[in-house]
Amino acid sequence: MAKARKQKTEGGAGGGGATVLHQKLCLSIDMEKQLIYGYTEIKVLLAENDTFALHADSMTIRNILVDGEAAEFEYSPHWKNVDGQPSWLSVSCPKTAADAACSAYISSLSGESVPNLIISSERSVKSTTELPEGENGEHHEENGGNSVKFSDDKAVKICNGSAEGNDKEEEKENKEEDEKENGKEEKTEMETEDKEREKDKDKETEEGKEKETQKEKEKEREENEEEKEKKDVSENEKDKENEMQIENEKVKNTKLVRVDYILEKAETGVHFVNNVLHSNSQIRRAHCWFPCIDSATQRCPFDLEFTVSSDLVAVSNGDLLYQVLSKEDPPRKTYVYKLNTPVSAQWISLVVGPFEVLPDKNGTSVSHMCLSPTLSKLENTISFFHDAYSCYEDYLAAPFPFGLYKQIFLPSEMVVSPTSFGASTCIFSADILNDEKVIDQIIGTRIKLAYALARQWFGVYTSAEEPNDEWLLDGLAGFLTDLFIKRYLGNNEARYRRFKANCTVCQFDVSGATGLGSPAASTDLYGTQTFGSYGKIRSLKAVAVLQTLEKQMGPDFFRKILQMVSASTRASRTLSTKEFRHLANKIGNLERPFLKEFFPRWIESCGCPIMRLGISYSKRRNMVELAVSRGCTAKAEPGSDSHMDGDIQEGATGWPGMMSVRVHETDGVYDHPILPLAGEALQVVELQCHSKVAAKRFQKTKKGSKPDGSDDNVDASTQENRMSMDAPLLWIRVDPEMEYLAEIHFHQPIQMWINQLEKDKDVISQSQAIAVLEKLPQLSFAVINALNNFLNDTKAFWRVRVEAAYALAVTASEDTDLAGLLHLVKFYKSRRFDADIGLPRPNDFHDIPEYFVLEAIPHAVALVRSSDKSSPRQAIEFILQLLKYNDNNGNVYSDAYWLAAMVQAIGEVEFGQQGIGLLSSLLKRIDRLLQFDNFMPGYNGVLTVSCIRALARIAERVSSSICLERICELISPFRNMDKPWKVRIEASRVLLDLELHHKGLDAALLLFLKYADEEKSLRGGTKLAVHVLRICQANIESNLTDQIKLPTLVGLLHLLGSKKSYNNVLLRHNVFCILQIAAGRPPTLYGVPKFSAPSPLVQEISIDQHTKADSSVPQLSRPQEPSTSTPSVREVLPTTGPSKEADNISNCSERRNVVKIRVRRAASSSKADGAASSVSKADGADNRVHSHGGRNENEVGPCSSMSVDAPMVGAPNEPLNTSNHIEEQNSCHDRESRMSASVSNAKQMDTHEVSKELQCTADSRLDGADSRLDAVKDQFSPAINVQESVDKPSSQLEGVSTSYVGTQAPESVNGLDSKEKKRKDKKDKKRNRDEKRDKKDDPEYLEKKRLKKEKKRMEKELARKQKEGARLPSQQEIVKPSDSQGTLAATPPAPEQSAEPQVSNKDAAAVDIARTPPTKKIKIRFKPLKKIN
């Protein structure tokens, strides 16, 4: 069992070294005047000095009493300092504006964390309390203009115990009485013992002398015991005296502080809207409505009293003790609450309004409250809540920690955020309430309410010890929510949501801003790490990491840990990462080495593993080879000292654990947990198959087909499917149970993906198969039919069926005759149309899963595109028909979302020449729906919002045919205040989009500034800022610096420092992010220096998952090494990343021979020094993980194959020109053995040259001819030994092209042994014959061969004409091969008589540099060309 952890001292966190023991808040609220007045009493334990500090803002301090006497205080509110904004004269461009925003934002955040109400208890000053209120405030502002900061060394223990009595005098009296009682009991015990000893003595005298010795011993023993008892009593008395002294010191240092204050028309912390008041304790905003130490590390019990009008209800934290009705006129009512559990000030909340209270029907201590218009929705929404409540209590084996739980639902325009948490209370937006006739909101609403309830256990009741530990509480709350989803919404829903969440985390976890426990991503960000997209990614990642731990230790052990953490008997109410790690070791039985690697890698670092895998099956050995390449999603940060360097150093670090591979064979399913996440970044793992393929009768190969049975005339997918049928594999899955948070790219034959989609019942497996099939470059009808069959399968999970519908829409093209569109329309008509009349039947939504699938069909149909990138006419007519004949009569459910989905589909249509004629009909339908929803408002304005958005999308697409100003005039009336809040905000966002499309980004930002100033609701301003942030992320171009003009930047800076942003921290944060995006930086404070101008950050969140995974980072810092021992997986895997992964792994059913490329560098280093490569079979050089011994690669039989790129030649820092190709050949050993090797020789070339790539299986005859022709060309360069080059035509080394400069040649050319050369020539001839036989039907190869023949014919014809027409006194023959070495000095021929058809223009231009003026005319004869075999 884990030991209780000692609390860390936090004196400097706030309060000037003081600890809050208890706080009482008594307020009276006047709704008409929007006035709050009252007092708060705080019992604090002071440190060494008598001065302490509180947080207080937006209020007028009337007086402060310390132990009943007036005290001197200094008060400098932050909100008044906001008015003195800088002039922003230094701003000249987006980067300087971003720097100014960082400086202002950090200064504001750091200033708000400093206590600004300094109280001194040394002496009382009556004059400060006798002044009028206005003078009092001004006086103290002058005296206390500068806030006081306290050092961290003055710290005391934090109050984390339960509320015991808080009255130290009573405790002292009780202890004295206990001591007196203990003294009396000791005396009575001594008297009884003496009597017993006397009786023993009488008995001893009656006995004989034999027992005298025993009596003496007993006496001695008793005397010793008495002495010990006396010593113990004296020691206990001393301990009690010490405790009394400590208690007396505490009593002396304990002060009772009373602060009387007034809030007039409060705008921060609490908000008055109509006849409703509610608090929203955003980051450090609790002190804006009551003085406190606004720090998460200060926790204490609270007594709360609120006096309101008798017709209103005051809802606050804790248990409602009683209500008091006053005798005033008009009468007022006081609500008294008591919260015994210590919590921080941020969890104190207050809501006042004319609420309808709805108690829970199941007898639990839960109350639900809302305004009268939404009472019916509330009754329908909370019908499930008892399930979540009992689920958590049963799992944690503990009751709800706060006694009574209260949920309050307020209109959307009133709240600041959709959810506001408090101790035993939670404030929601009424948008999440769903009517009994609405289907679409049910799942989302239940998950949100369940998460808010889970936060009461983890986050409020059990809080984080440090800001670095907040991820743990957030993750535990999300873990409980997933548990509820699994139990009451289904296992498929839970697994599907977790899979999509993991994909999102892997996509955006690319920088240190998403690190969970690192100080730079939590403590240093002042609480802003929970905002925006980064906050969502952190929450999702925290849940995924905890689920990984649960799978490692087992669900039972993980449950025991959570039960221990949430137990009421636990001494501390805080939780740290260190303590949780200790519990994982002691209770979860996880080994220390694993935890030592796990927590730093997943919690303190960023990035997720990227696994790229490909397979190859060996029929002879009945084994599957799995090639693995591991990367990391985190990108390298320039100048960063972090141990994580993105996709460069992930091979050295890795992640702890072993990932499992599940192989579905014909005879069963087998798991192989042998895929390591650490070690070498490139590995080959062997999996033994348990099933075998039945022997087949050998068939003679047909003409035009290859010996292995493949045919070039057959589709590649058909060949791949046939190869998959030759193996006992149905499909393979990697990490099927989501044990790790990883991005997996797996390559297997298409037929295996189809098998996975059709036969695997796991929703994750089905979703993965659909994602791969829809992205295939060449689609077959087998793929389309598989997607269609899955769409029609009613037993499949409805979310995956929706994915199949969208996949059919994406795969629909002219090449497949729009088969996907036809399948979608046919599926919809089979469910919803009347076969007799051919029109849609009236709506019937009783089948909920079928409702969701059918609702997605119109939107999928709208995404279909023809060859001209426009929507087919039949798709537009189909959507128009659905809108025209929609009939909801007799349906018990609402069709608001149903119609909204159809209207949304219209916005996705691309109008071409065929569909533009239907535009007017569609616009009439939209106008009719708008008018209908205006006269008879539908559910939450959903239909009007969709119509407005569809009109804007159509206007953007056909702006040449529709006047944008006319559309703006049509949408502008929807911004009026009489419209529903959702409609008003959507109209503003649409107008921003149209302004962007019509006038540009700068005009859109100016319009946003106008709308932000006009918007009255806090949540509306936040939504507009988030929308503009997305616009900037999508439209900012890094190479353009004038997209946003200077006045717009200054306007954004003024909004950042305005009172409006101070009142709404979410708006302020989003405006800051907009300025960062405008400068090309990520929207976060992460990495920004605290008090200096920040340097530009180059990393941004990648939107495209594949672009992020294959980041194509230049590998200048890590040049490619000439190593062939470790293979990679470039060609097989769908990646376009760096060249270090440019290797190939076959997916055929035969295993190929491993080919290794060795390169010997030349003795000299020049700009383009040559390379001599030798090709040989690899003797176990590849990195493998298997349980068998090493295998001799020379044995007869199938073996594996890999393709390895040639290493870098020349200067590593210069650009390379590389390419990769695969040539598959038959081995000389066995029919089923195939071998391929591709060599890309990257060399340095002049600007007039092009890169040459020759493969190991090139035709030796052609190479020989080319070498002789090159000899003729190179003879004009006097620095090259032409005879040596011609003498050794095989020195081209199996087709690896070389280049020499100067007089230096590779040592390998001169040092080849004659036997080895003959052996290599023999192998080359055999490979050349195999290649020629396999390539005889390749069109590209035949075209090259035809061109070469044409070239040779032209050369012969030109030589013949020159021989007949020219009469020269002397002729020079072509140099023949000889064993002697020498140099040939020759002068080039005259240009008008030169015949060099074999030399390209670029090569000739390169040779001209070394040429000298001609002194003699020369004619060249090409007789040796006729003798080449």
Side-chain angles (χ1 to χ4, degrees), residues 384-398 400 418-419 421 426 432 442-462 470-509 514 516 530 535-563 565-566 575 580 584 588 602-603 608 735-742 762-765 767 797-800:
F384 83 99
F385 195 76
H386 178 71
D387 295 335
Y389 194 90
S390 59
C391 174
Y392 294 161
E393 288 189 335
D394 176 66
Y395 184 81
L396 299 175
F400 184 72
T419 306
F421 302 109
C426 192
I432 67 174
I442 296 176
I443 297 177
T445 295
R446 294 187 176 185
I447 293 175
K448 292 176 183 177
L449 295 181
Y451 175 75
L453 179 61
R455 287 288 290 179
Q456 295 295 317
W457 270 279
F458 300 107
V460 181
Y461 180 64
T462 302
E470 290 179 356
W471 72 271
L472 181 57
L473 282 307
D474 193 11
L476 290 175
F479 181 87
L480 275 186
T481 308
D482 283 1
L483 176 68
F484 163 76
I485 295 174
K486 183 177 180 180
R487 286 192 181 182
Y488 293 97
L489 298 181
N491 187 49
N492 287 340
E493 180 74 19
R495 285 182 59 81
Y496 184 87
R497 282 181 171 270
R498 180 47 40 198
F499 171 67
K500 292 301 180 181
N502 289 358
C503 293
T504 304
V505 173
C506 293
Q507 181 179 355
F508 292 102
D509 187 15
T514 54
L516 296 178
T530 59
K536 295 179 181 177
I537 296 302
R538 286 168 55 89
S539 298
L540 296 176
K541 183 179 180 181
V543 180
V545 171
L546 291 177
Q547 287 185 342
T548 300
L549 277 177
E550 184 213 16
K551 290 182 173 62
Q552 294 295 324
M553 68 178 66
D556 294 335
F557 293 111
F558 194 82
R559 182 180 181 181
K560 288 181 180 178
I561 294 177
L562 265 61
Q563 290 177 352
V565 169
S566 60
L575 182 65
F580 190 80
W602 283 109
I603 309 304
C608 304
D735 193 21
E737 299 300 330
M738 288 192 301
E739 295 179 350
Y740 295 95
L741 178 61
D762 185 14
V763 294
I764 299 177
S765 178
S767 180
F797 185 47
W798 66 269
R799 290 191 185 272
V800 188

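Along the sequence shown, residues carry numbers from 1.
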Leu396 side chain reached by Val565 side chain, heavy atoms, under 4.5 Å: no

Shortest non-hydrogen contact from Asp387 toward Ser390: O-OG, 3.1 Å

Exercise: identify the closest heavy-atom pair between Thr445 and Ile432: OG1-O, 2.6 Å

With Gln563 via side-chain hydrogen bond (donor to acceptor under 3.5 Å, both in side chains) - residues at least two apart: none

Side chain to side chain donor-acceptor pair (under 3.5 Å) contacts in which one or both residues fall within residues 482-495, not counting sequence neighbours: Asp482-Arg498, Asp482-Gln547, Glu493-Arg497, Glu493-Arg799, Arg495-Asp762

Exercise: identify the closest heavy-atom pair between Cys506 and Cys608: SG-CB, 4.0 Å

Between CE on residue Met738 and CD1 on residue Ile764, distance to nearest 0.5 Å: 3.5 Å

Gap separating the CG atom of Leu473 from the OH atom of Tyr461, nearest 0.5 angstrom: 13.0 Å

Reported CG-to-OG1 distance for the pair Leu476 and Thr462, which is rounded to 0.5 angstrom: 9.0 Å

4.5 Å side-chain heavy-atom contact, Ile537 and Gln507: no

Spacing of Trp602 atom CH2 and Leu516 atom CG [to the nearest 0.5 Å]: 10.0 Å

Any residue meeting ring-ring contact (aromatic ring centres under 6.0 Å, His included) with Phe479, in chain and number order, not counting sequence neighbours: Phe558

Polar side-chain atom of Thr530 near backbone of Gly535 as donor-acceptor pair, under 3.5 Å: no

Test side-chain hydrogen bond (donor to acceptor under 3.5 Å, both in side chains) applied to Tyr496 - qualifying residues, sequence neighbours left out: Glu803

Any pair counted as salt bridge (charged side-chain N to carboxylate O under 4.0 Å, His left out), so long as it reaches residues 538-554, sequence neighbours left out: Asp509-Lys541

Interatomic spacing from CG in Leu546 to CH2 in Trp471 - rounded to 0.5 Å: 5.0 Å

Distance-minimising heavy-atom pair for Cys426 and Thr419: SG-CG2, 3.6 Å

Please table the atom pairs, donor to acceptor, closer than 3.5 Å between any side-chain atom in residues 449-460 and protein atoms at least two apart or in another chain.
from: Tyr451; atom 1: OH; to: Asp474; atom 2: OD1; distance (Å): 2.7
from: Gln456; atom 1: OE1; to: Ser424; atom 2: N; distance (Å): 2.9
from: Gln456; atom 1: NE2; to: Gly422; atom 2: O; distance (Å): 3.0
from: Gln456; atom 1: NE2; to: Thr425; atom 2: O; distance (Å): 3.4

Distance (rounded to the nearest 0.5 Å) between Leu540 CG and Cys503 SG: 11.5 Å

Test item: Lys500 and Ser767 side chains (from C-beta on) under 4.5 Å apart, heavy atoms: yes

Close side-chain approach of Phe484 and Tyr395, heavy atoms under 4.5 Å: no

